[in-house]
**Student:** 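Can you read through this structure? Questions will come right after.
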Protein chains: 2
Amino acid sequence: MRILLVEDDRLLGDGVQAGLTGSGFTVDWVRDGDAALAALSAESFAAVLLDLGLPKRDGLSVLASLRSAGNPVPVLVLTARDQVADKIRGLDLGADDYVIKPFDLDELAARLRALVRRSQGRADASLRHGDVVLDPAGRTVKLKGEPVTLTGKEFDLLRMLLDAAGRVLTRRVLEEQLYAWGEAVESNALEVHIHHLRRKLGGELIRTVRGVGYLVDEAPR
Amino acid sequence: MRILLVEDDRLLGDGVQAGLTGSGFTVDWVRDGDAALAALSAESFAAVLLDLGLPKRDGLSVLASLRSAGNPVPVLVLTARDQVADKIRGLDLGADDYVIKPFDLDELAARLRALVRRSQGRADASLRHGDVVLDPAGRTVKLKGEPVTLTGKEFDLLRMLLDAAGRVLTRRVLEEQLYAWGEAVESNALEVHIHHLRRKLGGELIRTVRGVGYLVDEAPR
DNA sequence: TGCAAGCCTTAAGCCAGTCTTAAGCAGGCC
DNA sequence: GGCCTGCTTAAGACTGGCTTAAGGCTTGCA
């Protein structure tokens with residue numbers, strides 16, 4: 001799950017990036033508002049972590065531009081304890097949640113998961129599809145109740161597909177979400193991961209849409 | 001906007017109801033989890049405000065029942081400051097947000113608005129024409145409820161025709177849409193695809209307009 | 001610091017399904 | 001009746017995806 005972190009503080013940014021990466025997110029980090037807007041117009045992210053106190057262009061203004069351009073990406077605001085007013089303005093400007101600094105990394109991860117989940121119009125925590133159950137929090141997958149070990153990339157890929165059950169995800173979208181900048185693949189790595197998923201979970205689950213991408217059918221409950 | 005408040009504390013409940021009503025919400029208030037589930041199965045709410053510490057059936061259990069029944073209503077959890085663990089469990093069980101007591105009523109209202117706004121952001125219209133249903137997102141087509149496998153070009157063609165139901169699409173328009181520049185066909189490929197579509201979906205759907213192009217009649221619903 | 005294990009990427013060959021082409025046929029219109 | 005447009009069918013080319021295997025990289029552990 002690819003996240004854009006907008007944070008000017010080097011220390012904090014470093015910690016958040018490391019922590020979230022450890023929780024299975026892919027984190028791209030920019031230091032100011034202009035860079036954030038540039039990144040958001042060029043790439044697609046599952047969510048944005050936005051610090052309000054930024055140099056040059058402040059967080060609220062970034063948020064406002066984003067929303068007035070019609071971009072619906074979920075935004076989680078990072079705010080200091082004494083900025084309650086800003087926080088409320090942020091929510092009304094279209095932020096989806098906020099956390100107060102200092103915050104707990106586990107909590108931040110949980111909130112991000114909730115946010116992304118919500119933004120996709122689904123409110124259930126674990127993703128179910130027939131015999132396959134994926135638990136995003138525990139990073140575990142079961143097939144007919146039996147645990148299946150997936151590697152990191154396999155897990156991310158499966159989660160995206162299940163999240164979007166019923167919709168086709170293009171190669172491009174999958175690759176963008178799977179890889180942060182500077183690690184773009186130019187091979188068939190995606191296909192290889194799909195292949196591994198099929199081997200572990202059966203060939204029925206993931207359908208190929210030739211020339212477009214992959215999808216998992218609408219979930220049978 | 002109609003909200004269900006689940007709160008056993010009379011004083012707090014009263015305050016929230018009054019405050020939110022003042023902010024333009026319509027608030028139904030129940031005192032325990034069973035009543036909440038009953039209300040939710042009978043009526044429809046834009047969101048639920050759920051206190052975790054309830055008599056009889058506690059909040060997390062209410063949330064779990066709700067989600068396992070597939071109910072996607074946005075849930076905002078009300079929690080005490082010392083229940084961080086519950087809060088995280090709540091988020092992972094499918095809550096969409098929480099606030100810590102004591103909370104500010106304006107903030108609560110702002111969060112509710114953000115929540116509801118977020119929950120309504122999704123609808124991808126499928127194209128229907130009598131027995132034929134085309135889902136652009138899933139790239140699937142059904143005939144009388146049965147899935148039909150179309151190839152890429154067939155699918156694109158059908159989508160164009162359904163999109164323009166009631167209007168004739170000329171050969172020229174169809175070919176331009178179907179083929180990128182530089183790969184113009186100089187054969188009867190279009191006719192062949194139409195033929196395949198008819199074979200798969202029945203000959204009635206697509207009408208030939210001699211000398212002009214093809215059309216699908218105005219959609220019967 | 002060195003080793004081992006596992007993960008990810010890369011690359012190459014193979015296969016299947018898709019698309020195009022083309023030729024013959026049917027039917028409408030002048 | 002002759003011409004023209006569209007239908008049908010089948011064959012071949014080709015693209016894109018699948019599979020497999022090897023090598024490099026990271027990470028954990030001694």
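Every chain is numbered from 1 and lettered A, B, ... according to where its sequence line falls, protein lines coming before strand lines.
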**Student:** Among dT19(D), dT8(D), dT20(C), which nucleotide sits nearest the side chain of Asn188(A)?
**Tutor:** dT19(D)
**Student:** Check whether any side-chain nitrogen or oxygen of Tyr214(A) sits under 4.0 Å from OP1 or OP2 of dG16(D), and answer yes or no.
**Tutor:** no
**Student:** Take the protein atom CZ of Arg199(B) and the nucleotide atom P of dG6(D), then report the distance between them rounded to whole Å.
**Tutor:** 20 Å
**Student:** Take the protein atom CG of Leu174(A) and the nucleotide atom C1' of dC8(C), then report the distance between them rounded to whole Å.
**Tutor:** 17 Å
**Student:** Measure NE2/His196(B) against C1'/dT8(D) and give the value in whole Å, please.
**Tutor:** 9 Å
**Student:** Let me know the distance between CG of Leu190(B) and P of dC19(C), rounded to the nearest Å.
**Tutor:** 13 Å
**Student:** Choose from dG17(C), dT20(C), dC18(D) the nucleotide whose nearest atom is closest to any side-chain atom of Glu191(A).
**Tutor:** dC18(D)
**Student:** Using OP1 and OP2 only, check whether a side-chain N or O of Thr208(B) sits under 4.0 Å from dC7(D).
**Tutor:** yes
**Student:** Would Arg207(A) and Thr140(B) count as having a side-chain donor-acceptor pair, cut-off 3.5 Å?
**Tutor:** no
**Student:** Just wondering, are more than 12 heavy atoms of other shown residues or ligands nearer than 6.0 Å to NZ in Lys142(A)?
**Tutor:** no
**Student:** So what does Arg171(B) touch, heavy atoms closer than 4.0 Å: a base, only the sugar-phosphate, or nothing?
**Tutor:** sugar-phosphate
**Student:** If only atom types and distance count, is the side chain of Arg198(B) paired as donor or acceptor with the main-chain N or O of Ile206(B) below 3.5 Å?
**Tutor:** yes
**Student:** In whole angstroms, how far is the C1' atom of dT5(D) from the CZ atom of Arg207(B)?
**Tutor:** 17 Å
**Student:** Could you state the interatomic distance from CD (Glu191(B)) to OG1 (Thr208(B)), rounded to the nearest 0.5 Å?
**Tutor:** 9.0 Å
**Student:** Choosing from dC8(C), dT20(D), dT20(C), which nucleotide comes nearest the side chain of Ala189(B)?
**Tutor:** dT20(C)
**Student:** What's the closest nucleotide to the side chain of Thr151(A) if the choices are dC8(C), dC7(D), dT10(C)?
**Tutor:** dC8(C)
**Student:** Hey, does the side chain of His195(B) come within less than 4.0 Å of dC7(D)'s phosphate (OP1/OP2), counting only N and O?
**Tutor:** no
**Student:** Lys200(A) has an atom NZ; how far is it from atom P of dT19(D), in whole Å?
**Tutor:** 15 Å
**Student:** Has Arg210(A) got a side-chain N or O lying under 4.0 Å from the OP1 or OP2 atom of dT15(D)?
**Tutor:** no
**Student:** Without decimals, in angstroms, what is the distance between Lys153(A) NZ and dT26(D) P?
**Tutor:** 13 Å
**Student:** What is the nucleic acid contact for Phe155(B), judged by heavy atoms within less than 4.0 Å: base, sugar-phosphate only, or nothing?
**Tutor:** nothing
**Student:** For Ile206(B) and dG6(D), give me the distance from atom CD1 to atom P, rounded to whole Å.
**Tutor:** 15 Å
**Student:** Tell me whether the OP1 or OP2 atom of dT9(C) has a side-chain N or O from His193(A) closer than 4.0 Å.
**Tutor:** yes
**Student:** Looking only at non-hydrogen atoms, find the nearest pair between Leu161(A) and Ile194(A) and report the distance.
**Tutor:** CD1-CD1, 4.2 Å
